[in-house]
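Only one structure is covered here, and it is reproduced in the block below.
Since the structure is predicted, the reported quantities are computational estimates derived from the model, not experimental observations. Side chains included, hydrogens not; waters and symmetry mates left out as well; all remaining heavy atoms used.
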Amino acid sequence: MANPLRIGIIGTSFVSDWICEAAQMSENCEITAVYSRDLTRGSAYAEKQCIGGCFDDKESFFSSDRFDAVYVASPNILHYRQTLDALNHGKHVLCEKPLAINAAQAERMIQIAHAKGLILLEAIRPVHDPFLSALQENLHKVGRIRRATFEFCQYSSRYDRFLAGERPNVFDASLGNAALMDLAVYCLHVCVALFGEPRKLSAGASFLPNGTEAAGTMLLDYGEQQTTISYSKVTSSVHPSIVQGELGTLVFDTLNQPSYLKMLYRDGRNEELFTPVKNNMVHELNVFSRMVASGESTAVFDELSLRVMRLLDEARRQIGIDFGAGETL
């Protein structure tokens with residue numbers, strides 16, 4: 001790689017594993033440092049991923065000249081503060097979804113990035129995957145859209161531990177975790193990218209005994225078209241997502257890593273419209289590195305992230321999800 005974008009990552013979870021794999025697939029990025037509060041864990045992770053720099057001190061990490069950009073993969077509640085720390089140290093930021101806990105935080109993050117001439121991008125995989133372009137380009141084939149259903153129900157790999165009495169971070173509401181923030185955010189991003197903001201949103205959810213939201217449903221009113229979003233961290237989907245029109249239906253699967261997109265015509269014909277890659281995080285890395293290199297405007301992505309954050313705020317208000325002190329600027 002000629003002058004690849006050097007990235008320091010925050011976090012040592014399986015999500016960080018995926019970004020390291022994606023960086024190896026990319027021609028434009030390399031992971032050069034990792035931050036973990038636990039130096040032993042961080043060092044082991046750096047050795048596993050062949051990363052040269054390891055830090056357990058935040059100031060030393062953000063001040064380091066080993067990298068030019070930061071990938072934030074920490075718990076949701078930390079996205080805001082860690083992104084601001086990175087921006088204030090002159091680092092570009094690729095921040096895992098959700099960008100922030102609320103729209104006010106997201107607006108502040110975007111304002112600071114613009115003021116400093118830095119790139120801030122929300123790492124929301126389907127938005128940067130060619131899947132979304134294929135979906136948009138073929139939307140006209142269904143004719144007048146009457147119904148859309150976005151489903152993301154994924155039995156968490158950590159739920160059995162929770163049921164056994166453990167308290168894994170993913171089921172800790174104090175860290176900004178909720179099925180809405182972790183899974184429904186994918187559905188909302190694709191929905192808003194395709195159809196814009198709805199006239200009205202209605203939301204309901206179920207909760208675990210410790211107060212963490214486990215699953216929910218949203219109805220988005222677009223007038224002639226009604227859209228339903230179903231999401232869960234404690235069950236798994238058996239149905240695909242669809243966009244249904246008077247001429248046929250577009251069908252696709254899991255929104256974080258879509259593996260197919262099909263057009264099913266009313267007369268029985270069908271088309272395959274999309275070819276996936278092994279790890280679609282490579283697309284967001286390539287978009288991010290290109291934007292850093294070119295300095296191109298993030299305005300389209302900024303607006304999409306803000307629209308989705310406002311819908312998440314409204315859904316949380318209706319459902320009754322309160323992240324307390326994590327909401328503050």
Side-chain angles (χ1 to χ4, degrees), residues 1-100 109-110 112-113 115-125 128 168-170 175-176 278-295 298:
M1 292 185 291
N3 300 316
L5 178 64
R6 302 175 305 156
I7 300 174
I9 61 174
I10 298 176
T12 57
S13 70
F14 60 86
V15 179
S16 295
D17 287 340
W18 294 342
I19 206 73
C20 288
E21 179 186 64
Q24 292 174 354
M25 296 168 60
S26 171
E27 297 180 354
N28 308 309
C29 303
E30 64 175 335
I31 309 300
T32 59
V34 59
Y35 166 77
S36 172
R37 290 178 300 173
D38 184 324
L39 184 59
T40 300
R41 183 170 64 232
S43 297
Y45 189 84
E47 182 177 359
K48 180 181 79 169
Q49 295 290 353
C50 299
I51 298 172
C54 178
F55 298 84
D56 64 347
D57 177 75
K58 284 193 298 182
E59 180 60 31
S60 298
F61 173 75
F62 288 119
S63 299
S64 173
D65 61 2
R66 283 181 170 268
F67 52 91
D68 310 296
V70 173
Y71 171 68
V72 177
S74 52
N76 297 341
I77 208 77
L78 300 176
H79 289 186
Y80 175 66
R81 291 295 175 189
Q82 290 180 343
T83 294
L84 293 192
D85 283 342
L87 293 172
N88 286 326
H89 282 81
K91 310 292 188 185
H92 306 281
V93 179
L94 178 64
C95 182
E96 259 304 324
K97 56 77 195 166
L99 184 61
M109 293 157 74
I110 291 168
I112 291 176
K116 293 183 174 294
L118 297 167
I119 298 297
L120 168 62
L121 195 67
E122 183 175 11
I124 181 76
R125 287 192 265 173
H128 304 292
N169 284 350
V170 71
L175 297 177
K278 177 184 176 183
N279 180 343
N280 67 344
M281 293 176 87
V282 68
H283 299 306
E284 63 193 37
L285 278 180
N286 286 339
V287 170
F288 180 59
S289 60
R290 186 195 74 225
M291 298 186 89
V292 169
S294 67
T298 59

Are [X] and [Y] close enough that some pair of their side-chain heavy atoms sits under 4.5 Å apart?
X	Y	result
K278	E21	yes
V287	R290	yes
N88	I112	yes
L94	I7	no
F61	I10	yes
H283	R125	no
C20	I51	yes

Give me the atom names and distance for the closest heavy-atom approach of [X] to [Y].
X	Y	value
M109	A100	SD-CB, 3.7 Å
A23	L285	N-CD1, 3.5 Å
S64	K91	O-NZ, 2.5 Å
A113	L120	CB-CB, 3.7 Å
L118	G90	CD2-O, 3.6 Å
A33	F67	CB-CD2, 3.7 Å

Point-to-point distance, once rounded to the nearest 0.5 Å, from [atom1] of [X] to [atom2] of [Y]:
X	Y	atom1	atom2	value
L78	C95	CG	SG	10.0 Å
C54	Y45	SG	OH	11.5 Å
S289	E30	OG	CD	12.0 Å

**Prompt:** Taking it one step at a time, do D17 and Q49 satisfy side-chain hydrogen bond (donor to acceptor under 3.5 Å, both in side chains)?
**Reply:** CA-CA 8 Å; D17 287 340; Q49 295 290 353; 3.0 Å; yes

Please check: side-chain N/O of [X] versus main-chain N/O of [Y], any donor-acceptor pairing under 3.5 Å?
X	Y	result
E122	L99	yes
D56	G42	no
H79	E96	yes
T32	R66	yes
S16	G11	yes

**Message:** Go through it in stages, so that I can follow the logic: the residues are I19 and I9, the test is side-chain contact (heavy atoms from CB on, under 4.5 Å), and I'd like the CA-CA distance, side-chain angles, deciding distance and then a yes or no.
**Reply:** CA-CA 9 Å; I19 206 73; I9 61 174; 4.1 Å; yes

**Item:** Stepwise side-chain contact (heavy atoms from CB on, under 4.5 Å) test for Y71 and V15
**Value:** CA-CA 11 Å; Y71 171 68; V15 179; 3.2 Å; yes

**Message:** My understanding is that only one of N286, N280, L121 makes a side chain to side chain contact (heavy atoms under 4.5 Å, CB included) with H128; could you say which?
**Reply:** L121

